Amino acid sequence: MTAYEMLASGLQQLGLSVNPQAVEKLLQFSDLLLEKNKVMNLTAVTDPKEVVTRHFLDCAALASHIGSGKTVLDVGTGAGFPGIPLAILCPGTQFTLLDAQRKRIDFLKEVVEELSLSNVMPVHARAEEFAALHRASFDLAVSRAVADLRVLVELTLPMVKKGGMFYAMKAADCMDEVGSASQAFAILGAPAAELLRYIVPHDGVERVLVRLQKTGDTPDKYPRRFKKIQTDPL
Ligand code: SAM
């Protein structure tokens with residue numbers, strides 16, 4: 001099976017409609033990613049078919065939760081995950097892709113230009129700094145492989161509007177992590193976590209979307225500034 005066929009059938013398995021132009025754009029992004037990965041550290045994945053499963057189809061599982069006409073913030077987007085695949089699959093929604101590493105944001109600016117992604121804005125900033133200027137500004141926040149949930153919700157929820165959602169993409173065995181963060185969820189205005197399980201097509205790996213609805217305000221003192229954030233494994 002070619003990467004194109006894997007991607008198209010995987011999107012179908014996730015219940016998404018398959019737009020051939022979107023599939024082509026995703027594969028173009030894969031080429032740009034693997035090419036740039038030769039000269040800078042963007043991803044541990046080097047096989048184009050693994051880019052399809054571990055990056056694109058994993059991130060695409062979130063697409064059906066995004067909807068159209070929304071504003072979405074991807075915190076710690078790195079090489080553009082989940083933000084770029086979601087922006088390609090949800091062209092009617094505006095994506096802000098945030099990362100503390102300038103080189104990764106420079107790469108994403110090149111991607112935006114090459115793929116003519118008019119609904120993507122890459123931003124170089126730490127979430128703690130960006131939050132000071134963009135409180136309660138986004139309908140949705142998303143994040144994958146950035147930090148433990150207790151830290152992650154402090155970095156993201158201040159920027160989500162009341163009534164909005166935060167989706168954290170996590171490993172299947174994240175229940176203890178979710179349990180340990182329950183107090184942080186309540187303090188930051190999103191007390192109830194839902195766990196949505198999915199299987200990544202053509203990979204068979206089970207993953208979880210931790211969904212938090214923001215029902216209250218986040219107190220002004222959050223986020224605090226973190227010195228060093230322990231990266232969450234994929
Ligand atoms: N989300 C991507 C993915 O799933 O492939 C990248 C994950 S990478 C392991 C974690 C990223 O989070 C890094 O690019 C890092 O620069 C970024 N990051 C960590 N702490 C951050 C912060 N406080 N503000 C913005 N970005 C941050």
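Counting starts at 1 for both ligands and their atoms, in listed order. Here, residue 1 is the first one in the sequence, and each next residue gets the next number. Bear in mind the structure is a predicted one, so any value in this text is a computation, not a measurement.
- With a 4.5 Å cut-off on side-chain heavy atoms, Ile84 and Leu117 count as touching.
- Looking at Ala147 against ligand 1, nothing comes within 4.0 Å, counting heavy atoms.
- For a threshold of 3.5 Å applied to N or O pairs, the pair formed by His55 and ligand 1 contains no separation below that value.
- When Asp99, Val123, Leu152 are checked for heavy-atom proximity to atom 16 (O) of ligand 1, Asp99 turns out nearest.
- Side-chain atoms of Thr77 do not come within 3.5 Å of backbone N or O of Val75 as any donor-acceptor pair.
- Remark: ligand 1 atoms within the under-4.0 Å shell around heavy atoms of Arg126 are 23 (N), 24 (N), 25 (C).
- Atom 10 (C) of ligand 1 has its nearest heavy-atom neighbour, among Ala145, Gly78, Cys59, in Ala145.
- In this structure, Asp47 does not pair ionically with Lys49, as no charged nitrogen and carboxylate oxygen lie closer than 4.0 Å.
- Thr71 and Asp139 are linked by a side-chain donor-acceptor pair at a separation below 3.5 angstrom, with hydrogens and angles left out of the test.
- In this structure, His134 and Phe138 have tilted ring planes: the angle between them lies in the 30° to 60° band.
- Using a cutoff of 4.0 Å between basic side-chain nitrogens and carboxylate oxygens, Glu128 and Arg224 are not scored as salt-bridged.
- Annotation for ligand 1: atoms under 4.0 Å from non-hydrogen atoms of Ala125 are 25 (C).
- Each of the atoms 22 (C), 23 (N) of ligand 1 lies under 4.0 Å from some heavy atom of Glu128.
- Between Ala44, Pro223, Ser143, Gly76, it is Gly76 that holds the heavy atom closest to atom 18 (N) of ligand 1.
- Under 4.0 angstrom from ligand 1, there are no non-hydrogen atoms of Thr43.
- Checked for salt-bridge contact, Asp58 and Arg144 meet the test: a charged N lies under 4.0 Å from a carboxylate O.
- Using 4.0 Å as the threshold, Gly80 has no heavy atom nearer than that to any atom of ligand 1.
- Without hydrogens or angle criteria, Lys70 side chain to Leu140 main chain gives no donor-acceptor distance under 3.5 Å.
- Geometrically, ligand 1 and Ala127 share a nitrogen or oxygen pair separated by less than 3.5 Å.
- Considering backbone and side-chain atoms alike, Ala100 places an N or O below 3.5 Å from some N or O of ligand 1.
- Residues Phe185 and Phe166 place their aromatic rings such that the two centres sit no closer than 6.0 Å.
- For the pair Thr53 (side chain) and Glu50 (backbone), a donor-acceptor distance under 3.5 Å is present.
- Remark: ligand 1 atoms within the under-4.0 Å shell around heavy atoms of Arg104 are 13 (C), 14 (O).
- Taking distance alone, with nitrogen or oxygen atoms compared against 3.5 Å, Ala79 stays at or beyond that limit from ligand 1.
- Shown in contact with Arg144 at under 4.0 Å from a heavy atom are these atoms of ligand 1, numbered in order with element: 1 (N), 2 (C), 3 (C), 4 (O), 5 (O), 7 (C).
- Contacts with ligand 1 closer than 4.0 Å are made by no heavy atom of Met169, backbone or side chain.
- No side-chain heavy atom of Pro85 sits under 4.5 Å from any side-chain heavy atom of His55.
- Near Phe81, the atoms of ligand 1 lying under 4.0 angstrom from a non-hydrogen atom of the residue are 1 (N), 2 (C), 3 (C), 4 (O), 5 (O).
- For a threshold of 3.5 Å applied to N or O pairs, the pair formed by Val146 and ligand 1 contains no separation below that value.
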